[in-house]
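Take a look at the structure below.
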Amino acid sequence: MPYSIAIDGPAGAGKSTIARMTAEKLGYIYVDTGAMYRAMALFLIRNNIAADDNEAVSRECRNADISIEYRDGEQVVLLGGQNVNPYLRTGEVSNMASVSSTNADVRVKLVELQRKLAEKANVVMDGRDIGTVVLPHAQCKIYLTASVAVRAKRRFDEIIEKGGEADIETISREIEERDYRDMNRANSPLKQADDAVYLDTSDLTIDEVTEKIMDIAKQKGIL
Ligand code: DC
């Protein structure tokens with residue numbers, strides 16, 4: 001059976017950067033499940049489905065043809081066979097994904113896709129419910145988090161670096177709201193799996209966090 005490393009945690013904890021680096025070090029495939037929820041959101045937007053119309057989301061999500069490919073080591077999300085990676089990071093898609101990912105039918109469909117990927121290859125998979133729902137038998141589980149202040153500062157710096165404008169208080173509030181939604185939804189809420197290792201990255205560099213995860217993987221018999 002292939003090895004799986006599950007990394008869960010709130011938005012802005014550094015999951016994708018850390019998961020990508022860990023996968024690279026180990027020669028594993030990095031699976032970004034958030035991008036799949038975003039591709040589904042894009043599909044719903046393109047089909048004029050309202051985020052809060054749960055029935056329409058349930059009906060329409062069945063028609064979404066989402067698949068994953070790896071090109072030069074990068075995950076490419078295909079929607080109807082077309083690479084949609086460039087369209088997944090907009091505010092509109094983020095907002096839709098935050099709501100449509102609470103739909104049970106959306107989750108069933110995407111969890112199936114995620115499990116299939118992990119059956120075929122060694123993976124580092126990040127998301128909100130990987131250790132608890134998607135891969136409960138993952139050999140190594142990490143719950144990655146950081147304080148709201150640190151996560152807001154990281155997001156702020158990212159926006160400024162890209163030449164944008166941002167207000168740290170607004171970002172903090174949005175992070176708190178998103179945490180609340182992610183942790184309190186009925187379907188697969190964000191929570192630490194009983195056997196996950198808790199890692200607060202507030203005072204750690206990316207390299208330090210990756211080193212810690214490599215150590216934990218070693219302890220779990222992966223290396
Ligand atoms: O990690 P992200 O920001 O790319 O995730 C996009 C949205 O999808 C976010 O609102 C949380 C949701 N999500 C989820 O519900 N379950 C996952 N395994 C991954 C993401």
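Each ligand, and each atom within it, is numbered from 1 in the order the structure gives.
Ligand 1 has Arg185 within reach: a non-hydrogen atom of the residue lies less than 4.0 Å from it. Heavy atoms of Met36 come nearer than 4.0 angstrom to ligand 1 in no pair at all. Lys15 does not count as a contact of ligand 1, since none of its heavy atoms falls under 4.0 Å from the ligand.
Partner Thr201 forms a side-chain hydrogen bond (donor to acceptor under 3.5 Å, both in side chains) with one of Lys15, Arg154, Arg151 and no other, that one being Arg154.
Counting heavy atoms of neighbouring residues, nucleotides and ligands inside a 6.0 Å radius, atom CG of Asn63 exceeds 12 of them.
Inspection of the Ser4 and Asn122 side chains reveals no N or O donor paired with an N or O acceptor under 3.5 Å.
Scanning the protein for heavy atoms near atom 19 (C) of ligand 1, the closest one is Thr33 OG1, 3.3 Å. The single protein non-hydrogen atom nearest to atom 7 (C) of ligand 1 is Ala97 CB, 3.9 Å, given as residue, atom name and distance. Atom 12 (C) of ligand 1 has as its closest protein heavy atom Ser101 OG, 3.6 Å. The closest protein non-hydrogen atom to atom 8 (O) of ligand 1 is Tyr37 CB, 3.5 Å. The closest protein non-hydrogen atom to atom 5 (O) of ligand 1 is Gly34 CA, 3.6 Å. Among all protein heavy atoms, the one lying closest to atom 3 (O) of ligand 1 is Arg178 NH2, 2.6 Å. With hydrogens left out, the protein atom closest to atom 16 (N) of ligand 1 is Arg107 NH2, 3.0 Å, a heavy atom. For atom 1 (O) of ligand 1, the closest non-hydrogen atom of the protein is Arg128 NH1, 3.1 Å.
Here the shortest heavy-atom pairing between Tyr30 and Ala19 reads CE1-CB, 3.4 Å. In this structure, Pro10 and Thr145 approach most closely via the heavy-atom pair CG-OG1, 3.5 Å.
Close N/O approach between Asp129 and ligand 1 is found [any backbone or side-chain N/O within under 3.5 Å].
Here the OG-CZ distance, from Ser98 to Arg181, works out to 3.0 Å after rounding to the nearest 0.5 Å. Atom CG of Asp194 is separated from atom OG1 of Thr132 by 10.0 Å, given to the nearest 0.5 angstrom.
If you look at Met40 next to ligand 1, there are no close heavy atoms at all, none under 4.0 Å.
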For residues 209-223, which side-chain N or O atoms pair as donor and acceptor with protein atoms under 3.5 Å away, sequence neighbours left out?
unit_1: Thr210; atom_1: OG1; unit_2: Ile206; atom_2: O; d: 2.8
unit_1: Glu211; atom_1: OE2; unit_2: Lys25; atom_2: NZ; d: 3.1

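Using a cut-off of 4.0 Å between Lys/Arg side-chain N and Asp/Glu carboxylate O, Arg71 and Glu69 are scored as salt-bridged.
For ligand 1 and Ser98, the ligand atoms under 4.0 Å from any heavy atom of the residue are 10 (O). In the vicinity of Arg38, heavy-atom distances shorter than 4.0 Å reach the ligand 1 atoms 2 (P), 3 (O), 4 (O), 6 (C).
Applying the side chain to side chain donor-acceptor pair (under 3.5 Å) rule to pairs touching residues 77-92 yields Asp32-Arg89, sequence neighbours excluded.
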